[in-house]
Visitor: 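Before anything else, here's the structure in question.
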Protein chains: 2
Amino acid sequence: MATTVWQIPKASVKNLNKHAALDLIRFAPGGISRIELSRQIGLTRAAVTSIVGDLIEARLVRETNGQHGGGRNPINLEINPDFGRVLGIDIGSTHVTIVLVNGLAQVLDEVNAPLDITQGPEICLPQVAKVINGWLPNTGTELSEILAAAVDVPGPVVSDAGKVGAPPIMPGWDNFPIRDWLEERLGCPVSLGNDAEFGALGEWAFGAGRGEKNLAYIKVGTGVGAGLLLDGQIYRGTTGSAGEIGHITLVEDGPICTCGNHGCLEALAGGRSLALRAREGISKGRRTSLAEIGPANSIIAKDVIAAARRGDLFCQQLVIDSGYHLGTAIASLVNLINPDIVVIGGGVAQLGDLLLDPIRQTVKQRSLKVSWQAVRISAAILGRRSSAMGAVVQALSMSLHQIAQV
Amino acid sequence: MATTVWQIPKASVKNLNKHAALDLIRFAPGGISRIELSRQIGLTRAAVTSIVGDLIEARLVRETNGQHGGGRNPINLEINPDFGRVLGIDIGSTHVTIVLVNGLAQVLDEVNAPLDITQGPEICLPQVAKVINGWLPNTGTELSEILAAAVDVPGPVVSDAGKVGAPPIMPGWDNFPIRDWLEERLGCPVSLGNDAEFGALGEWAFGAGRGEKNLAYIKVGTGVGAGLLLDGQIYRGTTGSAGEIGHITLVEDGPICTCGNHGCLEALAGGRSLALRAREGISKGRRTSLAEIGPANSIIAKDVIAAARRGDLFCQQLVIDSGYHLGTAIASLVNLINPDIVVIGGGVAQLGDLLLDPIRQTVKQRSLKVSWQAVRISAAILGRRSSAMGAVVQALSMSLHQIAQV
DNA sequence: CAAATATGTTAATTCACTTGACATTATTTG
DNA sequence: CAAATAATGTCAAGTGAATTAACATATTTG
């Protein structure tokens, strides 16, 4: 009960139903009526009227038009978009993506900026702050109007301390008080999470896995990681490093991985591996349009993906090979977790079925029938924004429930 | 507590704290005082006094001596052992184990009987009923005194329908209403679960993983399965087939498995594989005491384990080989789940470090440092009884909470 | 033995929720 | 088109689980 993305203040057990109502309203697509709330929470209509009254008075919720049939039309309830604005900050290994949303999680504006995470927090975090300060005013928003923010980083988040633990691809970030630093700079509550974890949250709330009970989000970026949402709750494991699918050993004597082992999924199917295999192919003289781009050692994963999309057969085969490896690891995940849906995100996922078909095929071949029959394997709908949108869900959770507290 | 959407609380929000108190009393080793309850639930002493008053009046709880120091001694609370008796029924592939316990989950008596699960439910379940009817009276208990029972079977349990889904090793059991059949015969509420799931519950409640937040129980029997307890809750997955670690593919062109695939963990390290490899060794003329037992094709896993225990080097090596394969699969589990503890149960686990050391070594080698550093790998303390004791926990949960409901 | 400390109980109060009646607004029917 | 029917939403009185604040009880310490 202790380790969760955001801790509900203890006293809120008292207002349990108020918070339950708030979340049902938040995540009901197109709003929800009082009577539907009463059915789902298991309270009487009278009680719901009272709870909703509080929420409306607090300006968290508003009434909209609803329609039905058979009797009086229900009044639809939705989050009041003007209750406040929050930021979702997705720090990747090469870029930072920041979205500004209103109470309904509608994106008001978005900004992207390059970033080199290997430079450590002392360089990167001020850069992020600078981007925000230079951009926010143009969106018609003062920093002081921001109610909360959530940030994710591509490494395991250790406990609720607001720091990261030994992150393979984040040298220098160990034990730096990321959350506290940002809270001071932004002047609002900040929540720190893992990119895959927030990706899962984003796709669950607004994407491919909307409302599913058990969801795994696989982020195939420079590295490969998974975010798990089990029984409707983010699952982070004992030390916050659950979902590290990237370091499952697939090939005993395979290529060396950043983690030091050999044959990890990440070393076989991650973005780094994709670029590496492309370079090897070029140096072996394989026919590919990539050769025209520039020197082989300047090729990065993005180039391979773009070429595959343009129809380059060599690059497509590299992606398919990644798919088979991903499928093998996902088959293990499906056997162990038995999820409703596996959402594939990250750059390579833009290629759709080119990547998904080999994954689906391998999963079907290597996992139990009951499990693969129950699972859907889809690409992320939110694309590059999965994690930032998950961050936004988290940030809104903080503000909404904090205000509802009173 | 909650991460994203509010989990709609179980039966009643109303008596939520009463149930919380009941569970804290149940699983506190050696009892718990009112003040400790108030600290853990977050209620005032006055409220706890009232709740406990109800529980004592319902004869579910009793006061015992406690001792402390510094002030007035607290009064210890524990479940009233005489509140009633329940049965835990563990149906394995070759045996059935039944335990009778009192309210404190103390074993009053136990019975074992052979059973061939491949004969289907129409043969097996009447056998189980017959065993119970022939044995219970000798324990000084009438069948009508039994408040509840829980049964586990070695296959995935589909939903709460009280049936099993396509079970690889349980031909003929599909869709048979196991729970309903037993409820009618025993005349009490019955809960149906999976053997590994109940094993996890048993080891969590009374065994090696007492009170841990994230536990995986690996049952190495004829087959290999895992029971998962995540964030303090049994995790079953979407169709009830979570934890099917036995059918993770480890060796691409490995030996064929009962599930139809090749190179599954179960086909490399399960009991069936252990026996098979022993027979092969004998036929190749390897030096082993097993050869003296009888014809090679009559050798079963139990014989190999016994020989390994006696010091037979060939058999010990077979067990060690199993350990490496188990370790490989468990490394994946540790990467994905990041548990506090992995408990190894089933027949082979009796061999202790002979099996555990290769597992530990492989896990250390093949999983992320943050994850393997956090995980403890131990043998099941409850041994053969892990699952039956988990069943008992489940059965007691049913009766206790049902009575507390009023 | 009084003081200090901690646990447990009691009575008055608070407040979320239920109950049951009523108000409101739509569709269906004679 | 009024009346019947149906569904949603609200109100006022009552219930009960919790809090607050005082007191009672048991054990150690100066």
Visitor: Among residues at least two apart in sequence or on other chains, which ones pass side-chain hydrogen bond (donor to acceptor under 3.5 Å, both in side chains) with B:E142?
Guide: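 Result, side-chain hydrogen bond (donor to acceptor under 3.5 Å, both in side chains) vs B:E142: none returned.
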Visitor: Once you round it to whole Å, what is the distance between C1' of D:dT10 and CD1 of A:I75?
Guide: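 In whole Å, D:dT10 C1' lies 10 Å from A:I75 CD1.
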Visitor: I'd like to check the salt bridge (charged side-chain N to carboxylate O under 4.0 Å, His left out) partners of A:E63; sequence neighbours left out, ordered by chain and number.
Guide: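 A:E63 satisfies salt bridge (charged side-chain N to carboxylate O under 4.0 Å, His left out) with A:R34 once adjacent residues are dropped.
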Visitor: Give, for atom CZ of A:R236 and atom CG of A:L230, the distance between the pair rounded to the nearest 0.5 Å.
Guide: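 With rounding to 0.5 Å, CZ (A:R236) is 13.0 Å from CG (A:L230).
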Visitor: Output the rounded distance in Å from CD1 (B:I32) to P (C:dG8).
Guide: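 To the nearest whole Å, that distance equals 11 Å.
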Visitor: What's the CG-P distance between B:L16 and D:dG16, to the nearest Å?
Guide: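 Going from CG in B:L16 over to P in D:dG16 covers 18 Å.
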Visitor: Answer yes if the side chains of B:T64 and B:E78 hold a donor-acceptor pair under 3.5 Å, and no otherwise.
Guide: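 B:T64 vs B:E78: no donor-acceptor pair found between side chains.
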Visitor: Please list, chain by chain and in numerical order, all residues satisfying side-chain hydrogen bond (donor to acceptor under 3.5 Å, both in side chains) with B:E184, sequence neighbours excluded.
Guide: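 None.
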Visitor: Between A:R179 and A:A161, what is the shortest heavy-atom contact and its length?
Guide: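 Minimum heavy-atom separation between A:R179 and A:A161: NH2-O, 3.6 Å.
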Visitor: Could you tell me the separation between the CD1 atom of A:I35 and the P atom of C:dA23, rounded to a whole number of Å?
Guide: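 Interatomic distance, CD1 of A:I35 to P of C:dA23: 18 Å.
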Visitor: Mind listing the residues from residues 47-59 of chain A sitting with a heavy atom below 4.0 Å of DNA chain C? Number order is fine.
Guide: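 Output list: A:A47, A:I51.
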Visitor: B:T44 has a side chain; which of D:dT19, C:dG8, C:dT18 sits nearest to it?
Guide: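 Comparing D:dT19, C:dG8, C:dT18 against the side chain of B:T44, the answer is D:dT19.
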Visitor: Would you say C:dA16 has OP1 or OP2 under 4.0 Å from some side-chain N or O of A:N17?
Guide: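 Result: no.
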Visitor: When only distance counts, do a donor and an acceptor, one from the side chain of B:R45 and one from the base of C:dG8, lie under 3.5 Å apart?
Guide: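 It does, because a donor-acceptor pair links the side chain of B:R45 to the base of C:dG8 below 3.5 Å.
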Visitor: With under 30° as parallel and over 60° as perpendicular, where do the rings of A:F27 and A:F206 fit, or are they tilted in between?
Guide: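 A:F27 and A:F206: tilted rings.
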Visitor: What nitrogen or oxygen pairs link the protein and nucleotides 24-26 of chain D at under 3.5 Å?
Guide:
| from | atom 1 | to | atom 2 | distance (Å) |
| --- | --- | --- | --- | --- |
| D:dT25 | O2 | B:R72 | NH1 | 3.2 |
| D:dA26 | N3 | B:R72 | N | 3.3 |

Visitor: Write down the distance between CG (A:L37) and C1' (C:dC17), rounded to a whole number of angstrom.
Guide: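 It works out to 16 Å between those atoms.
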Visitor: Heavy atoms from C-beta onward define the side chain here; which of C:dG8, C:dT18, D:dT8 lies closest to that of A:A46?
Guide: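 Nearest nucleotide to the side chain: C:dT18.
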Visitor: Between B:D340 (side chain only) and B:N214 (backbone N and O only), is there a donor and an acceptor less than 3.5 Å apart?
Guide: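 Yes, the answer is positive, given that a donor and an acceptor are paired below the 3.5 Å cut-off.
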Visitor: Measure from CG on B:L77 to P on C:dT7 and round the result to the nearest Å.
Guide: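 It is 13 Å, rounded to the nearest whole Å.
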Visitor: Starting at CG of A:N15 and ending at P of D:dT19, how long is that distance when rounded to a whole Å?
Guide: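 Result: 12 Å.
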Visitor: Could you note down all residue pairs passing side chain to side chain donor-acceptor pair (under 3.5 Å) where residues 80-89 of chain A supplies at least one of them, sequence neighbours left out?
Guide: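 Of all non-adjacent pairs touching residues 80-89 of chain A, those that pass side chain to side chain donor-acceptor pair (under 3.5 Å) are A:R85-A:T141.
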Visitor: Atom CD of A:E63 and atom P of C:dT24: how far apart are they, to the nearest Å?
Guide: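 For the pair A:E63 CD and C:dT24 P, the rounded distance is 15 Å.
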